[in-house]
Amino acid sequence: MSTTKPIKHFLQFSDFTLAEFEYVIERAAIIKRKFKSYEIYHPLIDRTLVMVFEKNSTRTRLSFEAGMHQLGGAAIYLNTRDSQLGRGEPVEDAGQVMSRMCDIIMVRTFGQEIIERFAANSRVPVINGLTNEHHPCQVLADIFTFVEHRGAIAGKTVAWIGDANNMLYSWLQAAEVFGFHLNVSTPKGYDIDHSLVSTERFTFFDNPSDACEGAHLVTTDVWTSMGFEKENAERLQAFDGFMVDASKMARAAADALFMHCLPAHRGEEVSADVIDGPQSVVWDEAENRLHVQKALIEYLLLGRIEPAGHAPD
């Protein structure tokens, strides 16, 4: 669908400015209130979201598909079995064709370069639903959750305990945009790839307990992400001592929150008493994927929604 405006994509966290994120978070809070009060809100009637999955998902599919329906639009699910991508169609061709038949596209795939190539050939906005290098929608939901519970995240300290994965790289970009500091602790051999980092707003700790000292938010992820299942036994050994447990949370700030993007393995990356305890906000965090992605889709398709009496951009 042709447009005179430049197409705005959300392929990694650094694609948006602080002002844009603040607007999306504000809209997410409004959209969430509408959802909770059963207020019908259908700004995207006759708009279609195509969701392309080359990696399996529960939360990503459900939040995007339900969210688009709740905004009055339609969502179409495609995986590699249902599309020519699974038969070797060039990514560039897929981007050209799909974007002529819908209004917005979400892609969950492997290498970041795949989604970059897809977006470069798309006529409509493209959202990163997860790549090997970045998971911006999840970190946006996490920040929205922190803001809901504790207010502004600027100037705070976030502790990341685990390997250098797509979540960490999105957190590092978020630290630069929002102005908070990241304490990072990764096992040896699972370190940060500095070619993917463009911020100095982090400190590395060999000891994961030290990384939690004074943190306002402690967050982690599974030790074995999708695609690395063959390394599971090796990773369990390498990550020994990295479980976020009560002793680590005790070193964080008294009102620190715990987050996990899920699914979680109790007794591995997090103890049951932490993820099921009073500092955990993982269920709010999971739900908030729905609300922030609705706000994100609304912004990418309609621009800024002005106060009553004014038209969108």
E287 bridged to K36 by N-O distance under 4.0 Å: yes
Are side-chain heavy atoms of K8 and P125 found at a separation under 4.5 Å? no
What is the minimum heavy-atom distance between F118 and M98, and which atoms define it? CZ-SD, 3.8 Å
Looking only at non-hydrogen atoms, find the nearest pair between S122 and I105 and report the distance. OG-CD1, 4.2 Å
Are D284 and H149 linked by a side-chain donor-acceptor pair shorter than 3.5 Å? yes
Of all the heavy-atom pairs spanning D191 and A164, show the shortest one and how long it is. O-CB, 3.2 Å
Worked check of side chain to side chain contact (heavy atoms under 4.5 Å, CB included) between M68 and L44: CA-CA 8 Å; M68 194 64 181; L44 300 182; 4.1 Å; yes
Without swapping roles, check the side chain of N183 against the backbone of A211 for a donor-acceptor pair under 3.5 Å. yes
Apply side chain to side chain contact (heavy atoms under 4.5 Å, CB included) to the pair T109 and V52, showing each step before the final yes or no. CA-CA 8 Å; T109 187; V52 182; over 6 Å; no
To the nearest 0.5 Å, what is the distance between CG (L78) and CD (E54)? 11.0 Å
Cation-pi, Y299 ring and R27 (6.0 angstrom, 45 degrees): no
I'd like to know if the side chain of N165 pairs up with that of D221 as donor and acceptor (distance under 3.5 Å, no hydrogens or angles considered). yes
Over 12 foreign heavy atoms within 6.0 Å of CG, D46: no
If you look at every heavy atom in A252 and V218, which pair is closest and at what distance? CB-CG2, 4.0 Å
Single-linkage hydrophobic cluster, 4.5 Å side-chain cutoff, L236 and M243 together: yes
Would F35 end up clustered with I31 when hydrophobic side chains under 4.5 Å apart are linked, directly or stepwise? no
Cut-off 3.5 Å, side chains only: do E92 and Q96 have a donor facing an acceptor? no
Whether F13 and F178 hold their rings parallel, tilted or perpendicular, with breakpoints at 30° and 60°: tilted
On a heavy-atom basis, the closest approach of L296 and V24 is N-CG1, 4.1 Å
Parallel, tilted or perpendicular: which one describes the rings of H134 and Y169, with boundaries at 30° and 60°? perpendicular
Under 30°, 30 to 60°, or over 60°: which ring-plane class applies to W171 and F180, parallel, tilted or perpendicular? perpendicular
Looking at CD1 of I115 and CD of Q12, how far apart are the two atoms once the value is rounded to the nearest 0.5 Å? 10.0 Å
Indicate whether the side chain of R266 and that of S271 have a donor and an acceptor atom separated by less than 3.5 Å. no
Is there a path from L168 to F205 through hydrophobic residues (I, L, V, M, F, W, Y) whose side chains come within less than 4.5 Å of each other? no
With a 6.0 Å cut-off (strictly less than), is the heavy-atom count around CG of D240, excluding the residue itself, greater than 12? no
For R289, does its backbone N or O pair with a side-chain atom of R59 as donor and acceptor, under 3.5 Å? no
Answer yes if the side chains of K248 and N207 hold a donor-acceptor pair under 3.5 Å, and no otherwise. no
For E298, is there an ion pair with K294 - N to carboxylate O distance below 4.0 angstrom? no
Would you say the side chains of E285 and H260 form a donor-acceptor pair under 3.5 Å? no
Without hydrogens or angle criteria, can the side chains of T220 and E269 be said to hold a donor-acceptor pair below 3.5 Å? no
Shared ILVMFWY cluster between F53 and I104, side chains joined below 4.5 angstrom? yes
Is a salt bridge present between R251 and D210, judged by a nitrogen-to-oxygen distance below 4.0 Å? yes
Give the minimum heavy-atom separation between H42 and H69, together with the two atoms involved. NE2-O, 4.3 Å
Give the intermediate values and the outcome of side chain to side chain contact (heavy atoms under 4.5 Å, CB included) for residues L18 and E22. CA-CA 6 Å; L18 177 59; E22 289 176 339; 3.7 Å; yes
Apply side chain to side chain contact (heavy atoms under 4.5 Å, CB included) to N132 and N166, showing your working. CA-CA 6 Å; N132 292 343; N166 50 12; 6.0 Å; no
Quick one: do the N288 and E148 side chains pair a donor with an acceptor below 3.5 Å? yes
Interatomic distance, M51 atom CE to L49 atom CG [nearest 0.5 angstrom]: 6.0 Å
Quick check on the hydrophobic clustering: are L196 and F16 connected, directly or via other members, by side-chain heavy-atom contacts under 4.5 Å? yes
